[in-house]
Participant: 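First the structure, which I've put down as structure tokens, then a few questions once you've had a look.
Convention: sequence-line order gives letters A, B, ...; per-chain numbering from 1.
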Amino acid sequence: MEPIQTVKGFRDFFPEECAVRNYIFDTWRSVARRYGFMEYEGPVLENTDLFRKKSGDEITSQLFCFTTQGKDDVSLRPEVTPSLARMATARQRDFKKPIKWFQIGSCFRYEAPQAGRTREFVQFNADILGDASPATDAELIAMAIDVMREFGVSSEDFEIRLSNREIWNGFLAQFNITAEHTPTFLQIIDKIERARSEETEKKLNGIGLTLADVRTFMASADENHPAFAALRENLTARGIWQHVRIDATIVRGLAYYTGTVFEVFDRKHGLRAVAGGGRYDKLCSLMSDGKVDMPAAGFAMGDVVLKLLLEKTPGAQMKLTCALLAASSIDAYVVVVDEAQRPHALAAVQALRAAGIRIDYSFGAQKAGKQFQAAEDRKARFAIVFGAEYPEVVIKNLLARSQSSVPVTGLVEEVQRLLAEPAIGPLIA
RNA sequence: GUGGCCGUAGUUCAACGGUAGAGCCCCAGAUUGUGAUUCUGGUUGUUGCGGGUUCGAGUCCCGUCGGUCACCCCA
């Protein structure tokens, strides 16, 4: 029998990776709460029609889909926005506007895995529904910026690339290009920096435009363009406009975006976009068959590219390492030198844990040397030694290499007191 | 979906077409007066899988699965 491996593009999370994941989730969650967002969650499995409705039939080639025993055509969600649109429109009258919701959960896309792309990934989604003002867009961009800064990624390492689909609509109207050519056109713009000029020229000519027209227009679409005025004023007031760069080539694929669009990019490593989002004012109406017409905007950040960026950015790497250490270490390791004292040691373990102190110990008789080594391996701050001196117990500070003795009756209080002191030890810099 | 590179011990990697090895990890023991050292010993492989060429294949060829990178796509 061959060993059964993980499904292509899916991942195991061993404790070390799981700790990274938790750190990322915790950071997302804390920033979202700071912005007054409420957490929600939808089902991982949806009727395939939900995704067809939003994106059309051709998208189903990248869905993990199957038919259930009950003959239901279902798919693992490739994104969360359709579920959000259903949830928000179904009960929109129950919620005061604007609705500010966030979500963290796995999504699945049947694509070729490569750098920064897996078939299973986790997205952080933040959306604001029921408010069409640029203040909403600004709030989302500010949050995206703060998420990056919270991870220790500075303006040297990332930027927000901002655009607005309206400016392209204006451009197309100016040249009398009909709406049917809009998707084709946006796709050309999306690739304009990567494709060869001759190719782009040819494609543009096909819909009645020239590369020169587009280039001229792009040069004029800077931060002084009226489409960005309100956003610029808002983000300048917050003191974070310097993170933003206008980039007219940002159009966000063929999706449902109607106005502001933006992506978070790293500036040094040529990674894929870390996050992306924008305004999608028509989606709720589409998903509710016109019953609920609610403006909306949001963004999504994936865990895969983000993790790559954190590992490549020194400041972020340091924060990550500290968080991992804090998550994996324990407060104290109970060393049983004299097996006759094990019942007393177990009683102490129980009492210390009840007080919220993180404790580990050896399950069976082991030489003191082994036990101290285990304490080292677990990155314990203290060793609590149960030996012949009982009921006196020795507390050793493993970093400072100092020690004190305390009657077992006062052990919990003494350990709490010691833990409250700042840790002395080699700096993790 | 297309193409490049790669699959050898738990892990990181060696091995000219000629008997599959090392470091680390892990486990046990010794020493270190109740800790970071040192020493000794030990487990582990149908060389991803299946075919082919050859006297002989980890090595060459084909297929397949997986990994990785790029293209396509990126909700």
Participant: Between the side chains of A:Asp131 and A:Thr136, is a donor N or O closer than 3.5 angstrom to an acceptor N or O?
Facilitator: yes

Participant: Nearest to the side chain of A:Arg109, heavy atoms from C-beta on, is which of B:U37, B:A75, B:U34?
Facilitator: B:A75

Participant: Run the numbers on A:Ser405 and A:Glu392 for side chain to side chain donor-acceptor pair (under 3.5 Å), then give the verdict.
Facilitator: CA-CA 6 Å; A:Ser405 187; A:Glu392 284 287 305; 2.8 Å; yes

Participant: Working note: A:Phe25 + A:Phe124, criterion side-chain contact (heavy atoms from CB on, under 4.5 Å); need CA distance, chi angles, decisive distance, verdict.
Facilitator: CA-CA 8 Å; A:Phe25 290 8; A:Phe124 166 60; over 6 Å; no

Participant: Is any side-chain N or O of A:Lys367 closer than 4.0 Å to OP1 or OP2 of B:U32?
Facilitator: no

Participant: With both distances under 3.5 angstrom, what nucleotide forms a Watson-Crick or G-U wobble pair with B:U37?
Facilitator: none

Participant: Take the protein atom CZ of A:Arg86 and the nucleotide atom C1' of B:A75, then report the distance between them rounded to whole Å.
Facilitator: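 That distance rounds to 16 Å.
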
Participant: Quantified in whole Å, what is the C1' atom distance between nucleotide B:C65 and nucleotide B:U53?
Facilitator: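 23 Å, rounded to whole Å.
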
Participant: If I take atom CD in residue A:Glu263 and atom C1' in nucleotide B:C74, what distance separates them, rounded to the nearest angstrom?
Facilitator: 9 Å

Participant: Can you measure A:Glu16 atom CD to B:C25 atom P for me and round it to whole angstrom units?
Facilitator: 15 Å

Participant: Counting any heavy atom closer than 4.0 Å, what does A:Lys396 reach on the DNA or RNA strands: base, sugar-phosphate only, or nothing?
Facilitator: base

Participant: On a whole-Å scale, what distance lies between the C1' atoms belonging to B:C16 and B:A57?
Facilitator: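 Looking at atom C1' only, B:C16 and B:A57 are 13 Å apart.
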
Participant: With rounding to whole Å, what would you report as the distance between B:U34 and B:G7 at their C1' atoms?
Facilitator: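 Per the computed distance, 47 Å lies between those C1' atoms.
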
Participant: Starting at the 5' end of RNA chain B, which residue's closest nucleotide do you reach first, A:Leu63 or A:Gly387?
Facilitator: A:Gly387

Participant: Under a 3.5 Å limit for both distances, which nucleotide forms a Watson-Crick or G-U wobble pair with B:U32, could you say?
Facilitator: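 Paired with B:U32, as far as the under-3.5 Å criterion goes, is no nucleotide at all.
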
Participant: Separation of A:Gln366 atom CD from B:A28 atom C1', in whole Å?
Facilitator: 11 Å

Participant: Report yes if at least one side-chain N or O of A:Arg272 is closer than 4.0 Å to OP1 or OP2 of B:C74; otherwise report no.
Facilitator: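 The answer is no; no side-chain N or O of A:Arg272 sits under 4.0 Å from OP1 or OP2.
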
Participant: Counting only Watson-Crick or G-U wobble pairs whose two distances fall under 3.5 Å, which nucleotide matches B:G18?
Facilitator: B:C55

Participant: Go through it in stages, so that I can follow the logic: the residues are A:Phe10 and A:Phe64, the test is ring pair (Phe, Tyr, Trp, His ring centres under 6.0 Å), and I'd like the CA-CA distance, side-chain angles, deciding distance and then a yes or no.
Facilitator: CA-CA 12 Å; A:Phe10 283 64; A:Phe64 275 95; 5.6 Å; yes

Participant: Please give, in whole Å, the distance from B:U34 C1' to A:Tyr333 OH?
Facilitator: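 The distance from OH of A:Tyr333 to C1' of B:U34 comes to 14 Å, rounded to the nearest Å.
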
Participant: Mind checking the C1' distance from B:C62 to B:A28? Whole angstroms is fine.
Facilitator: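 To the nearest whole Å, 48 Å.
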
Participant: Quick one: A:Gln62 CD to B:G1 C1', roughly how many Å, whole number?
Facilitator: 10 Å

Participant: Nearest-Å distance, CZ (A:Phe382) to C1' (B:U34)?
Facilitator: 17 Å

Participant: Regarding A:Glu46 and A:Ser83, is there a side-chain donor-to-acceptor distance under 3.5 Å anywhere?
Facilitator: yes

Participant: Between the side chains of A:Ser106 and A:Glu120, does any donor sit under 3.5 Å from an acceptor?
Facilitator: yes

Participant: Is A:Arg252 side chain donor-acceptor paired with the B:A75 base, going by distance under 3.5 Å alone?
Facilitator: no

Participant: Expressed as a whole number of Å, how far does the P atom of B:G4 sit from that of B:U38?
Facilitator: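 To the nearest whole Å, 48 Å.
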
Participant: Expressed in whole Å, how much space separates the P atoms belonging to B:C24 and B:U37?
Facilitator: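 After rounding to an integer number of Å, I get 13 Å for this pair.
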
Participant: Closer than 4.0 Å, any side-chain N/O of A:Lys8 to the OP1 or OP2 of B:G67?
Facilitator: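 Indeed, a polar side-chain atom of A:Lys8 lies that close.
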
Participant: In the strands shown, is B:C71 matched to any nucleotide by a Watson-Crick or G-U wobble pair with both distances under 3.5 Å, and which?
Facilitator: B:G1

Participant: State yes or no: are the ring centers of A:Phe158 and A:Phe151 separated by less than 6.0 Å?
Facilitator: no

Participant: Under a 3.5 Å limit for both distances, which nucleotide forms a Watson-Crick or G-U wobble pair with B:U8, could you say?
Facilitator: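 Answer to the pairing question: none, since B:U8 forms no Watson-Crick or G-U pair.
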
Participant: Just name whichever nucleotide pairs with B:U44, Watson-Crick or G-U, keeping both distances under 3.5 Å, else none.
Facilitator: none

Participant: Would the base of B:C73 count as contacting A:Arg117 through its side chain, where contact means a donor and an acceptor less than 3.5 Å apart?
Facilitator: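 Indeed there is one.
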
Participant: Classify the nucleic acid contact of A:Glu111 as base, sugar-phosphate or nothing, counting any heavy atom under 4.0 Å across all strands shown.
Facilitator: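 The residue A:Glu111 makes base contact.
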
Participant: Can you tell me the Watson-Crick or wobble partner of B:G50, both distances under 3.5 angstrom?
Facilitator: B:C62

Participant: With respect to the side chain of A:Ala112, which nucleotide from B:U34, B:A75, B:G1 is positioned closest?
Facilitator: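 Comparing B:U34, B:A75, B:G1 against the side chain of A:Ala112, the answer is B:G1.
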
Participant: Please confirm whether the shortest side-chain N or O distance from A:Lys191 to OP1 or OP2 of B:C73 is below 4.0 Å.
Facilitator: yes

Participant: Rounded to whole angstrom units, what separation is found between the CD atom of A:Gln187 and the C1' atom of B:C73?
Facilitator: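 From A:Gln187 CD to B:C73 C1': 9 Å.
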
Participant: Do A:Arg21 and A:Phe13 meet the cation-pi criteria used here (NZ or CZ under 6.0 Å from the six-membered ring centre, within 45° of the axis)?
Facilitator: yes

Participant: Which residue lies toward the 5' end of RNA chain B, A:Ala115 or A:Arg194, if each is placed at its nearest nucleotide?
Facilitator: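 That would be A:Ala115.
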
Participant: Taking the P atom of each, how far is B:A22 from B:U64, in whole Å?
Facilitator: 37 Å

Participant: Within the structure shown, what part of the strands sits under 4.0 Å from A:Gly9 by heavy-atom distance: base, sugar-phosphate, or nothing?
Facilitator: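 The answer is sugar-phosphate, as A:Gly9 gets under 4.0 Å only of primed atoms, P, OP1 or OP2.
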
Participant: Of all the choices, B:U34, B:C71, B:C73, which nucleotide is nearest to the side chain of A:Gln114 once you look at every atom?
Facilitator: B:C71

Participant: Using atom P of each nucleotide, how far apart are B:U12 and B:A75 to the nearest Å?
Facilitator: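 Rounded to whole Å, the distance is 34 Å.
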
